[in-house]
Amino acid sequence: MKRIGIIGVGNIGATLAHIVLQSKISAHIGLYDVNKDALQGKLWDLEEASVIGGYEGNISIIHDLDAFELFDVLVITAGRPRVHGMDRKDLLKENASILQAIAREVKNFKGVCVIVTNPVDLMTRFFSYLLSLPKTQVLGMAGVLDEARMALQIKSMTGLKVQSMRTCVVGPHSEHMIPLEAVGIGPGVLTDIMLISEEQKKLLNKNTRFGGGRIVEKLKSGSAFYGPAAACFRILQNVLELKQEVLTCSVFMGENSKFSEISQEIFFGWPVFLGKEGVKKMITPKMNEKEKEELREVLGKLQKEYLEFFESMV
Ligand SMILES: NC(=O)c1ccc[n+]([C@@H]2O[C@H](COP(=O)([O-])OP(=O)(O)OC[C@H]3O[C@@H](n4cnc5c(N)ncnc54)[C@H](O)[C@@H]3O)[C@@H](O)[C@H]2O)c1
């Protein structure tokens with residue numbers, strides 16, 4: 001039986017645990033949170049939901065972080081979410097300290113880490129540095145969510161069903177993300193979003209980039225969690241090799257990067273195949289020259305942000 005650890009059982013972590021239970025995959029789910037009372041309450045609630053839903057699962061509280069060392073995969077959602085008026089970067093210092101404390105306790109972990117905590121590209125790179133696991137075993141969740149947001153925008157403009165679409169969003173999980181013009185529509189057909197006007201393309205980019213922000217604006221005291229939890233579940237299914245799909249995650253490209261003049265150390269959204277060893281293969285999406293140029297530019301900014309942040313942490 002596979003072992004899935006969830007560190008941070010707030011909105012995303014608890015929703016993810018519920019999805020995993022409902023899926024009936026053969027796995028033990030271990031939950032950890034600093035808020036012990038809330039964690040106990042959520043465990044009881046999840047257990048009761050399982051009985052009612054007929055998917056009685058294997059779920060328990062993990063009291064000490066070092067017990068996660070034997071797990072296959074860890075999903076880390078511990079940290080503060082954005083509230084109305086905040087940018088993801090505003091969470092940087094506080095969430096980095098939380099990840100630092102967690103990394104100290106799970107230092108012998110050998111499996112795959114999925115980082116959700118924002119700002120996710122910086123946190124994924126930082127966690128990979130702290131844990132000294134092979135860099136392919138640490139990845140961030142973001143692209144799967146951004147691509148769903150993009151698909152929904154295209155649906156609202158064209159009426160096409162989202163299931164027939166394959167969108168791709170590369171780069172950082174921020175207002176600088178790059179929704180690619182090449183979209184898969186139906187089996188084997190790639191189009192350059194020819195179905196929508198130039199005006200609509202601009203709107204598509206804007207709405208995809210601010211998809212998270214518009215939810216925060218309405219929720220006010222927190223950020224999206226059903227979508228992020230569903231995206232984590234897709235990643236889990238692929239890491240556990242129950243599915244094989246191209247998923248965009250925040251990953252380390254190293255020498256494979258066509259953008260390595262910026263930095264080989266950088267983590268950013270890119271389509272990949274995943275497996276039990278983490279990132280198995282990078283996929284090169286269809287990008288036009290403008291998009292490649294834009295990506296170089298935003299990766300330069302991301303690298304600068306990381307170095308400034310890193311200097312402030314050490
Ligand atoms: N990557 C993405 O696409 C994406 C999308 C949405 C939200 N997020 C981020 O995910 C994170 C979690 O969001 P949420 O809505 O679930 O927040 P939440 O506040 O509901 O849950 C966070 C949980 O982390 C716990 N926590 C705090 N410090 C901890 C520690 N040291 N060890 C263990 N647990 C700790 C809290 O007690 C809380 O239960 C936030 O940083 C948010 O910005 C990322």
Side-chain angles (χ1 to χ4, degrees), residues 5-19 30-43 45 61-68 74-84 86-106 113-127 130 138-150 169 171-175 177 208-216 219-235 247-251 267-269:
I6 303 180
I7 302 184
V9 190
N11 280 335
I12 299 176
T15 309
L16 174 62
H18 193 206
I19 299 174
L31 305 176
Y32 178 91
D33 199 290
V34 280
N35 188 341
K36 305 290 178 205
D37 277 348
L39 181 59
Q40 182 60 70
K42 282 179 191 175
L43 177 77
D45 196 6
I61 289 177
I62 301 295
H63 296 281
D64 296 304
L65 280 169
D66 59 7
F68 282 117
L74 280 186
V75 182
I76 304 187
T77 74
R80 265 227 304 160
R82 275 193 289 171
V83 294
H84 187 43
M86 259 188 169
D87 186 82
R88 292 181 182 93
K89 278 186 287 184
D90 298 330
L91 306 167
L92 192 52
K93 274 269 176 141
E94 195 176 333
N95 285 351
S97 304
I98 290 173
L99 291 197
Q100 216 167 15
I102 293 169
R104 268 196 294 273
E105 304 298 322
V106 297
C113 280
V114 181
I115 308 295
V116 182
T117 308
N118 266 326
V120 73
D121 305 287
L122 302 184
M123 292 301 96
T124 307
R125 179 169 170 182
F126 186 51
F127 202 72
L130 293 170
V138 185
L139 52 114
M141 183 288 291
V144 179
L145 177 63
D146 298 326
E147 288 166 359
R149 288 172 176 161
M150 184 179 177
V169 179
H173 179 57
S174 71
E175 69 276 23
M177 68 181 75
T208 304
R209 288 176 174 148
F210 292 95
R214 75 173 183 163
I215 294 177
V216 176
L219 294 182
K220 299 202 169 44
S221 59
S223 54
F225 56 97
Y226 294 115
C232 288
F233 182 63
R234 283 280 286 279
I235 292 175
L247 295 180
T248 303
C249 299
S250 185
V251 294
F267 279 69
F268 62 95

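Numbering of ligands and ligand atoms starts at 1, following listing order. Both backbone and side-chain heavy atoms feed into the values below; hydrogens, waters and symmetry mates do not.
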Taking [atom] as the reference point, the nearest protein heavy atom with its distance:
| atom | answer |
| --- | --- |
| atom 3 (O) of ligand 1 | His173 NE2, 3.1 Å |
| atom 32 (N) of ligand 1 | Val34 CG1, 3.6 Å |
| atom 42 (C) of ligand 1 | Pro81 CA, 3.7 Å |
| atom 12 (C) of ligand 1 | Thr77 O, 3.1 Å |
| atom 44 (C) of ligand 1 | Val116 O, 2.9 Å |

request  = Sequence neighbours left out, what passes side chain to side chain donor-acceptor pair (under 3.5 Å) with Glu94? Give chain and number order.
outcome  = Arg80
Polar contacts were defined as any N/O atom of the residue lying under 3.5 Å from an N/O atom of the ligand; does this apply to [X] and ligand 1?
| X | answer |
| --- | --- |
| Met141 | yes |
| Ile7 | no |
| Asn118 | yes |
| Asn35 | no |
| Ser223 | no |
| Pro228 | no |

[atom2] on [Y] to [atom1] on [X], rounded to 0.5 Å:
| X | Y | atom1 | atom2 | value |
| --- | --- | --- | --- | --- |
| Phe210 | Ser174 | CZ | OG | 9.0 Å |
| Asn95 | Phe127 | CG | CZ | 12.5 Å |
| Met123 | Arg88 | CE | CZ | 13.5 Å |
| Ile7 | Cys113 | CD1 | SG | 7.5 Å |
| Phe225 | Leu16 | CZ | CG | 13.0 Å |
| Ile6 | Cys232 | CD1 | SG | 8.5 Å |

query = Name the one of Val116, Leu99, Val106 that satisfies side-chain contact (heavy atoms from CB on, under 4.5 Å) with Ile76?
reply = Leu99
In terms of atom number and element, which parts of ligand 1 are under 4.0 angstrom from non-hydrogen atoms of [X]?
| X | answer |
| --- | --- |
| Tyr32 | 32 (N), 33 (C) |
| Leu91 | 43 (O) |
| Asn11 | 15 (O), 16 (O), 18 (P), 20 (O), 21 (O) |
| Ile98 | 28 (N), 29 (C), 30 (C), 31 (N) |
| Asn95 | 41 (O) |
| Ala224 | 6 (C) |

ask   = For atom 25 (C) of ligand 1, which candidate among Ile12, Asp33, Val9 holds the nearest heavy atom?
value = Asp33
task = Counting heavy atoms only, name the option from Gly140, Gly79, Pro119, Gly10 that's nearest to atom 24 (O) of ligand 1.
result = Gly79
remark   = Within the 4.0 Å heavy-atom cut-off, what Arg80 brings close to ligand 1 is backbone
Part of Leu145 within contact of ligand 1 (heavy atoms, under 4.0 Å) = side chain
ask   = Are the side chain of Lys42 and the backbone N or O of Ala14 linked by a donor-acceptor pair below 3.5 Å?
value = no
ask   = Would you say the side-chain atoms of Asp121 pair up with the backbone N or O of His173, donor to acceptor, closer than 3.5 Å?
value = yes
note = Heavy-atom nearest pair, Ile62 first then Tyr32, reads O-CD1, 3.2 Å
Heavy-atom pair of closest approach, residues Gly227 and Leu145 = C-CD1, 3.8 Å
inquiry  = Would Gly222 count as a contact residue for ligand 1, given that I'm defining contact as a non-hydrogen atom of the residue lying under 4.0 Å from a ligand atom?
reply    = no
inquiry  = If we only consider heavy atoms of Ala101, is any one of them less than 4.0 Å away from an atom in ligand 1?
reply    = no
ask   = Are Glu175 and Asp87 close enough that some pair of their side-chain heavy atoms sits under 4.5 Å apart?
value = yes
message = Considering only residues two or more places apart or on different chains, which pairs with a residue in residues 97-106 satisfy side chain to side chain donor-acceptor pair (under 3.5 Å)?
response = none
